[in-house]
Amino acid sequence: MTQAEIVFHNTLSGKKETFVPANPEHVSIYVCGPTVYSFVHIGNGRPAVVFDVLTRLLRTRYPKVSYVSNITDIDDKINAAAASNGEDIKTLADRYSRAYQEDVAALGVRPPDVVPKATHHIAEIIDMIETLIEKDHAYASEGHVLFHVPSDPEYGSLSKRSLEDMIDGARVEVAGYKKDPKDFVLWKPSTEDQPGWDSPWGRGRPGWHIECSAMVKKHLGDTIDIHGGGSDLTFPHHENEAAQSRCANDDSGYVRYWLHNGMLNLGTEKMSKSVGNVLTIRGLLEKHSSEVLRYALLSGQYSSSLTWSDDLLAQARASLDSLYQGLRDVADTNPLTSTDMEKLAQEEFPETVVNALCDDLNTPKALAAMHELAADMRRTTDEAAKAAARNQLLAGGWLLGLLYQNAEDYFTQGQPGDSAAPTADAIEALIAERKAARADGDYAGADRIRDELLAAGIELEDSREGTRWRKI
RNA sequence: GGCUGGGUGGCAGAGUGGUUAUGCAGCGGACUGCAACUCCGUUAACGCCGGUUCGAUUCCGACCUCAGCCUCCA
């Protein structure tokens, strides 16, 4: 069977392009992670989840995929937060790094192969800056080292803006130590009370963009296949990063496919720490299951913006319930979950789901395909066909990082933040009592028990095999 | 102002030059003691104005409008 081609919308060309890795034996991906100075919000979870799905897809098809995603642990906001807490930046950044990794792990994100941090790569950063100076793309000035933007003829090619446009914007910082207002800092001096490292230009700290250039080079090489991140990083972060790497590396390619995820909105506005309209993953997990959050994130195509709302979560919950409801009906014979499907050969994954994902990671279409698989499974009466359909559904679930729970548990464990519900034993006892009442024809008594359970958040489902329950 | 991407049924969200997206919700029916679950059926959409076309939600142009980036940001 011929596999569908993988197609990506490449920010660099502005078009969809067929994905052809530089080396099919070893695919490389780098994704920009967050700057950690507080708990991350659900918007930070989107790239983590999206590129997790991408690596799951790629790993079904290529023998080796190296996935690197950094955490920025040196930055002026970190400095400010640490200073106001009276702690050092490492303590603070380590604490929030761990929290970030826990939060995205809760969203079903598998850890990247490498999670590099800027402060562990100071030597590599200094090396790269020296190279840029040697090649006349950067210069030292008053303790700073600056990248000279006009020295890169391709500058602006990623974010599609001309140097004139940037002057029109007139928001670039003008400073005496800059040759050109658009020049940006590679290294900046630290005062005594600021964190810093010794360098050929005095004690200082790296600028924001250089860490990614240095860490990509170290962990993946001069040219990588895929670079991902939020669309808000396209300019200036990725433009600057690309300029540095192009100019420092002999191989001029750097990134072959740039992928940018859209922003999460809250109301009509982008969710953003500086605006203050954020919902932390941690906070959301108090009220919603992590799988519902993941479903909600996947309900929109990654490059579009997605409006986060209670209604979105309610719909995600209901949709996920329906997939699990189907699984619950076949679960008793063999309670598999999607995590049992990791090792399948690529042709064993459901074609409709795979094809949707191959089309620029069209997760809404993939979810639609999942619901169609689930409907097929429910309609089938043949047990063998039902089990086969169940396996297809779970295999699709693996690609999306969903359906990893046992269906029975999914319905009986309830959602976080549920009010205290009766224990399973108490529920079973009431179900037995109701059964006896029904056998006696005491329907009023039976209904009273059912209503009582419903009031406690327990819904009953009768079938020929007996009565089962779920938390709602 | 420049650049980028949008405006699809009650909501979310795919897609297509002429044929059912899908999910949630709604409606009718089956099942059920009644429900729930499930099944069957069903309502309903393509911002506005022109153009191309036998035919446009889908292509082209103008307009209106929304969001993002141009400063830290996933």
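Order of the sequence lines sets the chain letters (A, B, ...), proteins ahead of strands, with each chain counted from 1.
Judged by closest nucleotide on RNA chain B, A/Lys160 is the one of A/Thr234 and A/Lys160 placed further toward the 5' end.
Partners of A/Asp462 according to the salt bridge (charged side-chain N to carboxylate O under 4.0 Å, His left out) rule, which considers only residues two or more places apart in sequence or in another chain, are A/Arg434, A/Arg438. Residues passing the side-chain contact (heavy atoms from CB on, under 4.5 Å) test with A/Val278, sequence neighbours excluded: A/His41, A/Met271, A/Lys273. Residues forming a side-chain contact (heavy atoms from CB on, under 4.5 Å) with A/Arg468 (at least two apart in sequence, or on another chain): A/Gln325, A/Arg328, A/Asp329, A/Glu461.
Between B/G6 and B/A12, the distance separating the two C1' atoms is 15 Å to the nearest Å. Taking the P atom of each, B/U58 and B/C48 are spaced 10 Å apart, rounded to whole Å. The separation of B/A62 from B/C3, taken at their P atoms, amounts to 13 Å, rounded to a whole angstrom. B/U57 and B/G17: their P atoms are spaced 13 Å apart (whole Å). The C1' atoms of B/C54 and B/U22 are separated by 32 Å, rounded to the nearest whole Å. Annotation: B/A36 and B/U43 have their C1' atoms spaced 24 Å apart (nearest Å). The same atom, C1', is picked in B/U20 and in B/G9; the two are 14 Å apart, to the nearest Å. As rounded to the nearest Å, B/G13 and B/G47 have P atoms that lie 15 Å from one another.
A 6.0 Å sphere centred on CZ of A/Arg448 holds no more than 12 heavy atoms belonging to other residues, nucleotides or ligands. Counting heavy-atom neighbours within 6.0 Å of A/Lys160 NZ, excluding the residue itself, gives a total above 12. Environment of NZ in A/Lys188: crowded, with over 12 heavy atoms of neighbouring residues, nucleotides or ligands closer than 6.0 Å. Around CD of A/Glu102, the count of heavy atoms belonging to other residues, nucleotides or ligands within 6.0 Å exceeds 12.
The listed nucleotides are B/G33, B/C70, B/A67; the one nearest the side chain of A/Arg161 is B/C70. Checking B/C37, B/A74, B/A12 against every side-chain atom of A/Glu461, the shortest atom distance belongs to B/C37. Candidate nucleotides B/G68, B/A74, B/C37 were compared by shortest atom distance to the side chain of A/Asn44, and B/A74 ranks first. Side-chain proximity of A/Glu269 to B/A36, B/G68, B/U38: nearest is B/G68.
Computed from coordinates, the A/Leu158 CG to B/C70 P distance equals 14 Å when rounded to whole Å. Rounded to whole Å, the distance from CE on A/Met263 to P on B/G68 is 10 Å. Computed from coordinates, the A/Asp310 CG to B/A12 C1' distance equals 14 Å when rounded to whole Å. Going from atom CD of A/Glu211 over to atom P of B/C72 covers 14 Å, rounded to whole Å. Atom-to-atom, CG of A/Asn261 to P of B/G68 comes out at 15 Å; the value is rounded to the nearest Å. Between the C1' atom of B/U71 and the NZ atom of A/Lys270 lies a distance of 11 Å, rounded to the nearest Å. Going from atom NE2 of A/His209 over to atom C1' of B/C72 covers 10 Å, rounded to whole Å. Protein atom CD1 of A/Ile71 is 11 Å distant from nucleotide atom P of B/A74, rounded to whole Å.
Judged by distance alone with a 3.5 Å cut-off, a donor-acceptor contact links the side chain of A/Lys77 to the base of B/C72. If you check distances only, the side chain of A/Arg450 does reach the base of B/C34 with a donor-acceptor pair under 3.5 Å. Taking 3.5 Å as the limit, the base of B/A35 and the side chain of A/Asp462 contain a donor-acceptor pair of atoms between them. Checked by distance alone, A/Asp447 brings a side-chain donor or acceptor within 3.5 Å of a matching partner on the base of B/G33.
Separation of the A/His121 and A/His219 ring centroids falls under the 6.0 Å cut-off. Residues A/His227 and A/Tyr257 place their aromatic rings such that the two centres sit no closer than 6.0 Å. For an aromatic pair to be called close, the ring centres must be under 6.0 Å apart, and A/Tyr96 with A/Tyr37 fails this.
Within 4.0 Å (heavy atoms only), A/Asp311 reaches sugar-phosphate atoms of the nucleic acid but no base atom. Nucleic acid contact class of A/Met370 (heavy atoms, under 4.0 Å, all strands): none. Nucleic acid contact for A/Ser159: sugar-phosphate only, since backbone atoms but no base atoms lie under 4.0 Å from a heavy atom of the residue. Among the atoms of the strands shown, none is found under 4.0 Å from any heavy atom of A/Ser309. Counting non-hydrogen atoms under 4.0 angstrom, A/Arg448 reaches nothing in the nucleic acid. Across all strands shown, A/Ser274 has heavy atoms under 4.0 Å from base atoms, whether or not it also approaches the sugar-phosphate. As judged by a 4.0 angstrom heavy-atom cut-off over every strand, A/His237 is placed among residues making no nucleic acid contact. Across all strands, A/Leu306 comes closer than 4.0 Å only to sugar-phosphate atoms, never to a base (heavy-atom distances). A/Phe235 comes within 4.0 angstrom of the backbone, heavy atoms only, and of no base. Across all strands, A/Gly33 comes closer than 4.0 Å only to sugar-phosphate atoms, never to a base (heavy-atom distances). A/Ser463 comes within 4.0 angstrom of no nucleic acid atom, judged by non-hydrogen atoms across all strands. Nucleic acid contact for A/Gly43: base, since at least one base atom lies under 4.0 Å from a heavy atom of the residue.
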List the atom pairs, donor and acceptor, that lie under 3.5 Å between side-chain atoms in residues 360-377 of chain A and the rest of the protein, sequence neighbours left out.
{"residue": "A/Asp360", "atom": "OD1", "partner": "A/His9", "partner atom": "N", "Å": "3.0"}
{"residue": "A/Asp360", "atom": "OD1", "partner": "A/Tyr302", "partner atom": "OH", "Å": "2.7"}
{"residue": "A/Asp360", "atom": "OD2", "partner": "A/Gln301", "partner atom": "NE2", "Å": "3.3"}
{"residue": "A/Asn362", "atom": "OD1", "partner": "A/Lys365", "partner atom": "N", "Å": "3.1"}
{"residue": "A/Thr363", "atom": "OG1", "partner": "A/Leu298", "partner atom": "O", "Å": "2.7"}
{"residue": "A/Thr363", "atom": "OG1", "partner": "A/Gly300", "partner atom": "O", "Å": "3.2"}
{"residue": "A/His371", "atom": "NE2", "partner": "A/Tyr295", "partner atom": "OH", "Å": "2.9"}

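Between the CZ atom in A/Phe411 and the NZ atom in A/Lys471 there is a gap of 13.5 Å [rounded to 0.5 Å].
For A/Asn362, a side-chain nitrogen or oxygen approaches OP1 or OP2 of B/G15 to under 4.0 Å. For A/Arg438 and B/U32, the shortest distance from a side-chain N or O to OP1 or OP2 is not below 4.0 Å.
In RNA chain B, runs of at least 3 stacked Watson-Crick or G-U pairs (N1-N3 plus N6-O4 or O6-N4, or N1-O2 plus O6-N3, all under 3.5 Å) give these stems: B:1-7 with B:64-70, B:10-12 with B:22-24, B:26-30 with B:38-42, B:49-51 with B:59-61.
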For nucleotides 20-24 of chain B, tabulate all protein N/O to nucleotide N/O atom pairs closer than 3.5 Å, reporting atom names and distance.
{"residue": "B/G23", "atom": "O2'", "partner": "A/Ser319", "partner atom": "OG", "Å": "2.1"}
{"residue": "B/G23", "atom": "N2", "partner": "A/Gln315", "partner atom": "OE1", "Å": "2.3"}

Under the criterion side chain to side chain contact (heavy atoms under 4.5 Å, CB included), I'd like the reasoning laid out for A/Cys32 against A/His238: C-alpha separation, chi angles, the key distance, then a yes or no.
CA-CA 9 Å; A/Cys32 284; A/His238 289 157; 3.3 Å; yes
